[in-house]
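Have a look at the structure below, then the notes.
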Protein chains: 2
Amino acid sequence: MPRKQVGIRDVAAEAGVSVTTVSHVLNDTPHTRTSDETKSRVREAAARLGYHPNRLARGLRTQASGMVGLITEEIATTPHAGRIILGAQEEASRHNLTLAIINSTLRHEPDVEPSEVQAFLDRQVDGIIYATVYHDEVILPEQMHAVPSVLIGARDRDGEVPSIMPDERAGAASVIDLLVRTGHRRIAFAATSVDVPATRGRLRGYRDGMIAAGLDPSAHVVEAVSEAAGGYEATMALLDHGRSPSERPTAVFCYNDRMAMGAYRAAAELGLSVPADVSIVGFDDQAPIAGSLFPALSTVALPHYEMGAWAVATLAAMIEGRDEADAAGPAPTLLPCPIVERGSIAGPAR
Amino acid sequence: MPRKQVGIRDVAAEAGVSVTTVSHVLNDTPHTRTSDETKSRVREAAARLGYHPNRLARGLRTQASGMVGLITEEIATTPHAGRIILGAQEEASRHNLTLAIINSTLRHEPDVEPSEVQAFLDRQVDGIIYATVYHDEVILPEQMHAVPSVLIGARDRDGEVPSIMPDERAGAASVIDLLVRTGHRRIAFAATSVDVPATRGRLRGYRDGMIAAGLDPSAHVVEAVSEAAGGYEATMALLDHGRSPSERPTAVFCYNDRMAMGAYRAAAELGLSVPADVSIVGFDDQAPIAGSLFPALSTVALPHYEMGAWAVATLAAMIEGRDEADAAGPAPTLLPCPIVERGSIAGPAR
DNA sequence: CTGAAAGCGCTTACAG
DNA sequence: CTGAAAGCGCTTACAG
């Protein structure tokens, strides 16, 4: 191992050509003719020396660092963030881009902190992704327009930056449709009341599904906190409200998997078996929960990986000035939330 | 907003000084005298123009990119990875370093893939972190020694790279000690048999704790798969083995939180209340589970955030050539696994 | 088909 | 106390 890093000059010397030629050969520069013999001399010299171009130097010269910056809001509190990062990273690798990450602490004002954007701009990133799962809208700082940018999980208030969100509404509607097709008619919704896009989208989807099936969309809706405890309470209220079995819901759609976890407990305490006596579905496909419940929970998955990948792919298109760049447009792109069927749905007991 | 990025030359012109002076003033270069009047002229000019030094150019010149690379193995499958990243990122910010991330797919050979290391080297990172949670030992590629490196969750077989691991053994022993002090004597271990550091460490810790209390370390150990289903089976076997209540374990220490989830279900089916009839403890403090169970699960936390932060802090020390760098030494540093007490431990029923 | 030279935006001996 | 100049390692018109 040579102690000093080998540079393009070393390769040129080794191959007996100029650095210009080395650069052209190694980069396959278009509109450049080099004899095959020279080409292979250069390639062999580079290989022999173990030459790897310095991306910093190249970036400085080409004004393109080959880096994209991902600002994640509260990666700490969202266990999903990992999959967004994974999707972004893998897509970045495909485009030969490097992904840098900065975590942003959650702020109460719905606007992105300039200092984190600036840190990336100082590094000459070619693009910036801002990922949030909490806001409807976000106000981007001026600086973010200096470079191609995309938004995950929020809409740009000014409508200038492409954004992507899960289609929670369609996801919820599709799982209601599945329950209907499985034979259920009294389908309850263990809802929650925090005013974020997810709560509204899932409620709308539930209503869409019920109405499409000709069912009453408000007869079996109960609100509770979006935790296991809330799911327990909501399900208790739903299934044990002094109702006769003939008017009791046969399926409970829970706002999220944590609530579904509470719903399982409520069912168990009421002596109801899942899914024989009551079907339960969740939302989120949250890593350890959905697969660890018994029976395993049927739920609706959030396309985190896909959103991360979409963000980088869109950025890459914008960076390369391709047409897809504008195709995104100001309205948020919606990504489907697929149903993950496991074992918690069955036809209603007759 | 000026369309062209403002450079040090613009600041020099605006302030009426040379770029040398601008650089000295803005970097507070030691052994350099500049009149206060000039200093403030420069600073004002920089502020007025909104000047931010190009880190790429600075990196090229100083041979220090200010970037550290984190290679995470299978971030996808380990929900914990997020906290490692968070710890690394926040510590990096403290050192004015930028964190870049590459995901590495899990390989069967216990050695790090060179191409991912090379990708970072090409970017002139100042240091590399390789994070794994699966291996005992890892064989690092030659190239990784070109730059300061640290290992998370694995030991360097060659003993050259500092590494950090959770002290699973001490963590397990401490929670057994807690159960003993709470009055338990028949403490079972729902173990698992995969041969990784975590299984061995937790088993040893369990034995340490039992022996320290003068109890039989093998009377109540059952092995099962490390999932909820395994925890259910193990707990069933442990609590319902045709034993009389007087010889039944009063506490079950589960290999991980997922198994604890199954243990809860087993207890419920046996009509045993947690923690009145049986105390249950887990390990991992896995995000949605531990807090979502009822009662909330007492468990042992893995120091993911701390390992990420330690890695960057150690790297920073090595980069700056400080003494702490060598203090780490070849033996893995062990980080404590703190007990997180929630509601699943109580004194044994008399 | 190949190369000399300028320049990306900084920092840093060195000179004055 | 301040500045002219070299150079980090590349790419890219441009010339031959």
Side-chain angles (χ1 to χ4, degrees), chain A residues 2 4-43 45-46 49-67 96 121-126 146, chain B residues 2 4-43 45-46 49-67 96 121-126 146:
Chain A
K4 199 201 174 303
Q5 214 170 298
V6 359
I8 194 170
R9 270 200 305 254
D10 302 304
V11 179
E14 175 85 6
V17 297
S18 71
V19 295
T20 305
T21 300
V22 175
S23 177
H24 285 153
V25 171
L26 265 26
N27 291 316
D28 269 321
T29 314
H31 313 304
T32 296
R33 305 276 65 189
T34 309
S35 73
D36 289 347
E37 198 260 308
T38 305
K39 275 186 186 169
S40 55
R41 263 221 322 285
V42 169
R43 295 216 173 90
L49 264 35
Y51 171 66
H52 292 274
N54 180 329
R55 299 279 255 123
L56 235 52
R58 183 204 300 236
L60 179 62
R61 177 57 231 239
T62 61
Q63 304 284 65
S65 66
M67 294 192 22
N96 199 19
L121 291 178
D122 291 355
R123 295 221 169 260
Q124 313 300 113
V125 295
D126 296 334
Chain B
K4 200 203 173 304
Q5 215 169 296
V6 358
I8 193 171
R9 270 202 304 256
D10 301 305
V11 178
E14 175 85 6
V17 298
S18 71
V19 295
T20 306
T21 300
V22 175
S23 177
H24 285 154
V25 171
L26 264 26
N27 292 315
D28 270 321
T29 314
H31 313 304
T32 295
R33 305 275 62 189
T34 309
S35 73
D36 288 348
E37 200 260 308
T38 305
K39 277 186 184 168
S40 55
R41 260 216 328 282
V42 168
R43 296 214 172 90
L49 264 34
Y51 171 64
H52 293 273
N54 181 328
R55 299 279 256 124
L56 235 51
R58 184 204 302 234
L60 179 61
R61 178 56 231 243
T62 61
Q63 304 285 63
S65 66
M67 293 192 23
N96 200 18
L121 256 22
D122 291 355
R123 295 219 168 261
Q124 313 298 115
V125 294
D126 296 334

Close side-chain approach of A:Y51 and A:I8, heavy atoms under 4.5 Å: yes

With no hydrogens and no angle check, is any side-chain donor or acceptor of A:D122 less than 3.5 Å from a backbone partner on B:N54? no

Hey, which of these two, A:L60 or B:S18, hits DNA chain D nearer its 5' end, going by closest nucleotide? B:S18

DNA chain D: B:T32 or A:L56, which has the more 5' nearest nucleotide? B:T32

Integer-rounded Å distance: C:dG9 C1' and B:Q63 CD: 15 Å

Across all chains, not counting sequence neighbours, the salt bridge (Lys or Arg N to Asp or Glu O under 4.0 Å) partners of B:R123 are none

For B:R123 and D:dC8, give me the distance from atom CZ to atom P, rounded to whole Å. 21 Å

Within residues 13-28 of chain A or reaching into it, pairs that qualify as salt bridge (charged side-chain N to carboxylate O under 4.0 Å, His left out) - sequence neighbours excluded: A:E14-A:R48, A:D28-A:R43

Nearest heavy-atom pair of A:S65 and A:D126: which atoms, and what distance? N-OD1, 3.1 Å

With the criterion being N/O to N/O and under 3.5 Å, what pairs connect the protein with nucleotides 10-14 of chain D, and how long is each?
residue: D:dC10; atom: OP1; partner: A:Y51; partner atom: OH; Å: 3.2
residue: D:dC10; atom: OP1; partner: A:N54; partner atom: N; Å: 3.4
residue: D:dC10; atom: OP2; partner: A:I8; partner atom: N; Å: 2.8
residue: D:dC10; atom: O5'; partner: A:Y51; partner atom: OH; Å: 3.2
residue: D:dC10; atom: O5'; partner: A:N54; partner atom: N; Å: 3.4
residue: D:dT11; atom: OP1; partner: A:N27; partner atom: ND2; Å: 3.0
residue: D:dT11; atom: OP2; partner: A:S23; partner atom: OG; Å: 2.8
residue: D:dT11; atom: OP2; partner: A:N27; partner atom: ND2; Å: 3.3
residue: D:dT11; atom: O2; partner: A:R61; partner atom: NH1; Å: 2.3
residue: D:dT12; atom: O4'; partner: A:R61; partner atom: NH2; Å: 3.3
residue: D:dT12; atom: O4; partner: A:T20; partner atom: OG1; Å: 3.3

Here DNA chain D, pairs taken as Watson-Crick or G-U under 3.5 Å and shown with ( ), [ ] when crossing and | when to another strand, reads |||.||||||||.|||

Residues forming a salt bridge (Lys or Arg N to Asp or Glu O under 4.0 Å) with A:R55, sequence neighbours excluded: none

Nearest whole Å is fine: how far is D:dG3 P from B:K39 NZ? 15 Å

Using whole Å, what does the distance between atom P of nucleotide D:dC8 and atom CG of B:D122 come to? 19 Å

List the atom of B:V6, the atom of B:G50, and the distance in Å for their closest heavy-atom pair. CG1-O, 4.4 Å

Among residues at least two apart in sequence or on other chains, which ones pass side-chain hydrogen bond (donor to acceptor under 3.5 Å, both in side chains) with A:S18? A:T21

Let me know the distance between CD of B:E37 and C1' of D:dC1, rounded to the nearest Å. 12 Å

